[in-house]
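Here the structure is laid out as structure tokens; the discussion comes afterwards.
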There are 2 protein chains.
Amino acid sequence: MSIEDKQKPQRNGRVTIRTVAAHAGVSVAAVSKVMRNAYGVSDALRARVTDAIETLAYRPSRAARGLRGRSFTIGVLLIDIRNPFLPEVIAGVNEVLGPSHYQAMIGVSDARVQLETSLIESMIDYKMDGLILVAPRLPSEILAKFAVQIPIVAVGYHNASASAFDTVNADDQRGAEIAVEALLACGYRDIEMLSLGERQGHAVSVVRQREIGFRRAMQRGGLGSSPAIGKIPIASPKREEAMRKFLSRKDRPRAVFCWSDLDAITLLSLAMEMGVRVPEDLAVIGYDNSSTAALGLVNLASIDQSGRELGQIATRALISRIEGRTASEHIFQIPSLVSRNSLTRSGNSTDR
Amino acid sequence: MSIEDKQKPQRNGRVTIRTVAAHAGVSVAAVSKVMRNAYGVSDALRARVTDAIETLAYRPSRAARGLRGRSFTIGVLLIDIRNPFLPEVIAGVNEVLGPSHYQAMIGVSDARVQLETSLIESMIDYKMDGLILVAPRLPSEILAKFAVQIPIVAVGYHNASASAFDTVNADDQRGAEIAVEALLACGYRDIEMLSLGERQGHAVSVVRQREIGFRRAMQRGGLGSSPAIGKIPIASPKREEAMRKFLSRKDRPRAVFCWSDLDAITLLSLAMEMGVRVPEDLAVIGYDNSSTAALGLVNLASIDQSGRELGQIATRALISRIEGRTASEHIFQIPSLVSRNSLTRSGNSTDR
DNA sequence: CGACGAATGTAGAACGTTCTCCATATAACG
DNA sequence: CGTTATATGGAGAACGTTCTACATTCGTCG
């Protein structure tokens, strides 16, 4: 009879930590200890509990875990899911997370500050163990405020002075310089940059960094103190319109550096439609080295910043922070040029 | 003094439901009721509580919610994040979820059954309210087993007899038929399909459905009882190799239908490299009408199944199921042809 | 005026973990 | 043999919600 008192579990189907404890003939606390492999567990006990977990196919409830301690989940926030660069980052994250006991949950903010905020809050409310923010839009002060509640690593967010969170970046200034240097090396002097519309990037965004690098390289090359930077809106009908206008300008430059392959590829396409030959009339170089750029049909020269690597590094940084590091880290990767036909006819089409 | 007894909250910084209750001078249960807008709340009470929530900037803990009741989160499982069709689905999901109080969390399975299983389990363990599985790899019996634990809607998964979960699909058989009919209408008779390697698709996958549709349309057109279907592996080096082999076959067909734009675009690119003219030597039609296909440079005719719409429909179905529906629904959308230059030179290049 | 039902609010038991103390057993040591 | 350290296991209080019962207050109606 006294045994039946204990038989309260099993009420609904779910196998809980209590079921496991009963099956193994030990206490709930013991099971918890084994799972967290905490101190003070004999081999015999561990074996018995492990067995019970196995046979019952027990899975700890993440919800309950989150309420009290670790949830073993990390949140990844993407600004946009259509930019092919971002999936690469995810791939890198998953590679590192795979062998660990952590899992990634992804949120997509669609570049809306409102949604970004609420997703971050949700992830905190889920008691996730840490966050990787990819190209967040929020200002540093806000991120810092979140960072006291949860470990944060920002990718594609240039703020090397942030002390509350880590950053992982490709050196976007250097990337832009490399692009300009490549154009100069091909003999082009009349160079412009096509960047992203004003409202889309704050000072710490990758876009603005690339503009800085562009300006510096142009000045260093002796090409004026304020080189031209055009702004392309992000929304679709206006976007193509702005590019068409650029392509039909009588004073169109000889070469153009686009902030992203996304724009560069569309530009290439419109150029073809409008009879502007690439690279004979206009040389184009993009950024991200997306898989579309690599297509023989497109053949777009591009700056490669390995999203996969950035994802891997960010994940490792986050885990080390979750496990106790408090000093902030700011990691830089150096991007590289992938030359293709949009740069010059002899562009190395068989890259890498 | 007796008041101070109650002052236990506020221990660490977090604003909990108890803080709100104290601030509004009501019970915890009352606050909970207001938030769930349950029955039996006066306007006065509601106002007071709403005020307190506002001033304290209270956010309910999702972790705690999940432990007891609704978590107001739905999980989305993607087979692969690099296929541009899938982000479209997410966009559709987010559009419907935006105005609601639900939020989406995304997991990426990378087409690995193991990972897919563990992600689904995690989502269940988080007590998410429902799941949208996009092109899952798991067999129906397993999905059915999961579906008793959590409402499930599968997208891109053909099993109209499943009674435990809903399915939302474009009619992939019909889509393939439309493709073949378009090729026939252009006068091509020597037609093959390039499909996905054997191990990649089970019977209910979209790929196999497209094969069925292809066969039926070919037979109906009087083109043999077992038309040729080539299989292209998914992994990168072998993939291009198989396509090159196809392109250099002496008995290469006059027209080809690819299971996905992903393959069709690579094929187009390799064809150009190898000097095979499209559509003069080879007509190509793809599937998904991805944004890359629409580029002037690529100009790939394709079957359009609006991923956005599928996402929207799936989300609405899931919500209705969460809110009580038990009978399963199996929804079909009819895809459409987007004609472009890869089909015939006069291919309507200015689509949509 | 008594009785009953509707409307409103509250107490308190879950939910499934983690983790801090404690209790006990065993070993070590003088 | 007593005393003290050390290893091992367990009890039970959180964590922040939801939600079922129940208590109270009114109105209404016969």
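Both backbone and side-chain heavy atoms feed into the values below; hydrogens, waters and symmetry mates do not. Quick note on labels: first sequence line is chain A, next is B, and so on, each numbered from 1.
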Arg70(B) near the nucleic acid: base, sugar-phosphate alone, or nothing, with a heavy-atom cut-off under 4.0 Å? nothing
Atom pair distance, as rounded to whole Å: CZ in Arg62(A) and P in dT17(C): 12 Å
Nucleotide nearest Val28(A) (side chain, heavy atoms from C-beta), chosen from dG16(D), dT18(C), dG9(C): dT18(C)
Using rotation axes that map the C1' atoms of four end pairs onto the next four (five pairs an end), what angle separates the end axes of the helix from dC1(C)-dG30(D) to dG30(C)-dC1(D), to 10°? 50°
In this structure, CZ of Arg137(A) is separated from CG of Asp80(A) (nearest 0.5 Å) by 11.0 Å
Considering only heavy atoms and no angle criterion, is a donor-acceptor pair shorter than 3.5 Å present between the side chain of Arg68(B) and the base of dT18(D)? yes
Lys33(A) side chain: which of dT17(D), dG9(D), dT18(C) is closest? dG9(D)
So that I know where these two stand, are His202(B) and Tyr157(B) an aromatic pair - ring centroids less than 6.0 Å apart? yes
Is the closest side-chain donor-acceptor distance between Ser140(A) and Asn159(A) under 3.5 Å? yes
What nucleic acid atoms does Tyr58(A) come within less than 4.0 Å of, heavy atoms only: base, sugar-phosphate, or nothing? sugar-phosphate
Between dG16(C) and Arg18(A), is there an OP1 or OP2 to side-chain N/O distance shorter than 4.0 Å? no
Just to confirm, is there a sub-4.0 Å distance from OP1 or OP2 of dT10(C) to any side-chain nitrogen or oxygen of Ser27(B)? yes
